[in-house]
There are 2 protein chains.
Amino acid sequence: MIDKSKVTLKDIAKELGISVSTASRALKAHPDIAKETVRAVKELAEKYQYVPNSLAISFRKKKTFNIGLVVPEIVHHFFSNIISGAIATANQSGYNVMVSQSNDVLQDEKAAVNAMLHSGVDGLLISISNETVLGEHIQELMHAGKPVVQMDKVTDHLKTPQVIVDDFDGAYQAVQHLIQNGYRKIAHFRGRPIVKNANQRYFGYLQALKDAGITPEKDWVKHCVQINEAEGYRFAKELLEGPNPPDAFFCITDLVALGVLRYLKEQKIEVPGEVGLMGFSNWKLAEISSPALSTVDQHGYEIGVRATQMLLDSLAGASISSDAITEIKTNLVIRESSGRKKVQQQTQEALVGNN
Amino acid sequence: MIDKSKVTLKDIAKELGISVSTASRALKAHPDIAKETVRAVKELAEKYQYVPNSLAISFRKKKTFNIGLVVPEIVHHFFSNIISGAIATANQSGYNVMVSQSNDVLQDEKAAVNAMLHSGVDGLLISISNETVLGEHIQELMHAGKPVVQMDKVTDHLKTPQVIVDDFDGAYQAVQHLIQNGYRKIAHFRGRPIVKNANQRYFGYLQALKDAGITPEKDWVKHCVQINEAEGYRFAKELLEGPNPPDAFFCITDLVALGVLRYLKEQKIEVPGEVGLMGFSNWKLAEISSPALSTVDQHGYEIGVRATQMLLDSLAGASISSDAITEIKTNLVIRESSGRKKVQQQTQEALVGNN
DNA sequence: CTGTTAGCGCTTTCAG
DNA sequence: CTGAAAGCGCTAACAG
């Protein structure tokens, strides 16, 4: 029943007939200490499998080497990638990561943040919930001197560094890619206007059209609320059965795009021959569908890594400007669904010339 | 620059002219303390926003109210569900969860477990890596008096409670379902024989065949190694092009099943009319495919919940028998791919009678 | 009902 | 080079 971790500095000091402070210093090879003493202490520590009591150290140093991480959902491809990157990075520097989720409910987020504050994390990584506006609970943590870094879902009300996806650019590239492949009547199934990411993607879409000299068509922009497969299906049907069908779809999410794809397949509409399709997020789903879905990869892992690095840096004393925004570039994952549109009357040359 | 959390018991004791211990007791409304004192202390605590220093408490009580959670992969539908369930449950009881992953690499798992041990978790939830055999690193933690509960990927070498999926029964039901729907020549694309779950599913498959009086066909059992979509495709092709094609496939995972499905669609083989198909895991993928894939849901969230409850119970002093095995029942998710086989010569009645 | 005392295990002045 | 001493903030005998 002997608990190894019960061996304390005092024990080894006593056995060696030295003081606790000397033992303490010897263990970290303090320059003041005689080599001989250092050796003896280390040897005994080894023998007894001395392991410093981290609770005492935390207490003493007011530092736990734990960081908190709160995301809206854990069971989510993008967020679990963020978590994974954050944990890998933190662990490398000897930090552990306490994870919690808000379920996009403000109350839950508050509870999670408070729990972490009280359990004494050294800093916090957070992707805020849909319902979070001011984030007083996060402010409180900051007041307690804990650095915070926001990731992906962010609010400017909080004066913290942000690591975000360059949604605008991702969307821009996606739409540009469609245009370059001969599609001109491009619909966009967007997300909710309160969500910054959704807006950025929408703006990217508009800009890409504009830069290609294409006038956007109001009716081709649909607002997803559920952001699921059924919505994609429904909107695709609606538009394609209408008087003015688009020839491509850029969707807020792969899931929505797969809904569109299902409709297209049902109608035996050739993809990408007749209609082009791009998703966003690069879920596993996109890789497996047939035709395989072109999409935009958001590099969730990378976001986790970068945000954690910033947090660790500021924990290490670096003063990070509180308005530093790190935009992680997406990258286009070109698969089958966005392949070149079949040319009818014009030659491809002419088409390309148009851009 | 006043740090709220700097207000200490001593401060409020001094201001009230009482001793620290009285203040301490008052705050937790110890029966010994005069109501008047309690009121005064609580009032002042409120006024100063006193928040107890959890580091000091942890130190004093040798308890952190943190539990550790280690899984092979975070970015994985099943595991992220487990994590989610564990965190929700732990949080409800005032515990935080420290998460880490092993990437199925023993070294990483050791590192993660040690980091958690040293950071002072009160207990550990773990799903071991493929490479873990004896788990001495986990033993070490147990020797330090920390309760451990294993989940899903488990080893009997560790004398801890286990919460696992009833893979045998899940597979049994899946295959039985195929049989009931008229399929008799059922192939199985299984996982690696060192993995317990894979074996259990295989045994369930065999048992279901046996109970239906069907003799298993060695050639119809294929060993997946990558466990990916391509393998499903490859094996399906191999078998269906061969001299003795099966009429149904039960796959170790949805991903593999989708590979099979891709081949079937390419060959314009009717699903489920000609060939039946069942996956395992119930990923999002399965819901979206067309035809939608029938599969087996493993209730990852539930596993996380149950395992955490056991851990919390034992942390609360309950003595849990170290060989308690909790098997979480799967459930059949019947979608399109396993629908009734088209009857050719026999009537359906006759077929059903056969079972 | 309340105060005194002691101490958790470690770090860190301050003196030698 | 080393030791003594103080103290982090809190709890818990023990003693009034």
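Below, read A as the first sequence line, B as the second, and so on, with proteins coming before strands; counting in each chain starts at 1. Computed over heavy atoms, backbone and side chain alike; hydrogens, waters and symmetry mates excluded.
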Using a cut-off of less than 4.0 Å, is there contact between a side-chain N or O of Thr37(B) and OP1 or OP2 of dT2(C)?
-> yes
Whole Å only: how far is the NZ atom of Lys10(A) from the P atom of dA6(C)?
-> 13 Å
Examine the side chains of Asp108(B) and Ser129(B) and answer whether a donor and an acceptor come within less than 3.5 Å of each other.
-> no
Toward the 5' end of DNA chain C, by each residue's nearest nucleotide, Val38(B) or Lys61(A) | Val38(B)
So what does Ile18(B) touch, heavy atoms closer than 4.0 Å: a base, only the sugar-phosphate, or nothing?
-> sugar-phosphate
Minimum-distance nucleotide to Ile33(B) side chain [options: dT11(D), dT2(C), dC8(C)] | dT2(C)
Starting at CG of Leu9(B) and ending at C1' of dG7(D), how long is that distance when rounded to a whole Å?
-> 16 Å
Whole angstrom is fine here: how far is it from NE2 in His30(A) over to P in dT11(C)?
-> 13 Å
Over how many whole Å does the gap from Ile57(A) atom CD1 to dT12(C) atom C1' extend?
-> 14 Å
Looking across every strand, which nucleic acid part, if any, lies under 4.0 Å from Lys35(A) by heavy atom: base, sugar-phosphate, or nothing?
-> nothing
Polar side-chain atom of Gln150(A) near backbone of Thr155(A) as donor-acceptor pair, under 3.5 Å = yes
Ion pair check, Arg39(A) and Glu43(A), cut-off under 4.0 Å = yes
How are the rings of Phe59(A) and Phe59(B) set relative to one another: parallel (under 30°), tilted (30 to 60°) or perpendicular (over 60°)?
-> parallel
Mind calculating the distance between CG (Asp11(B)) and C1' (dC8(D)) to the nearest angstrom?
-> 13 Å
Do any side-chain nitrogens or oxygens of Ser19(B) fall under 4.0 Å of OP1 or OP2 in dG3(C)?
-> yes
To the nearest Å, how far apart are Lys14(B) NZ and dC10(D) C1'?
-> 16 Å
Among dC8(C), dT2(C), dC10(D), the one nearest any side-chain atom of Thr8(B) is dC10(D)
Given dC10(C), is OP1 or OP2 found less than 4.0 Å from the side-chain N or O atoms of Ser21(A)?
-> no
Given that Phe59(B) and Arg25(B) both sit by DNA chain D, which one's nearest nucleotide is further toward the 5' end?
-> Phe59(B)
Asp32(A) CG - dT13(C) P separation (whole Å) = 13 Å
When you check the phosphate oxygens OP1 and OP2 of dC10(D), does a side-chain N or O of Tyr50(B) lie under 4.0 Å from one of them?
-> yes
Just checking, any donor-acceptor pair under 3.5 angstrom between side chains of Gln309(A) and Thr89(A)?
-> no
Please state whether the phosphate of dC10(D), meaning OP1 or OP2, lies under 4.0 angstrom from any side-chain nitrogen or oxygen of Ser24(B).
-> no
Walking DNA chain C from its 5' end, the first of Val20(A) and Ala34(B) to be reached, judged by nearest nucleotide, is Ala34(B)
Specify the separation, in whole Å, of atom CZ of Arg60(A) and atom C1' of dG7(D).
-> 7 Å
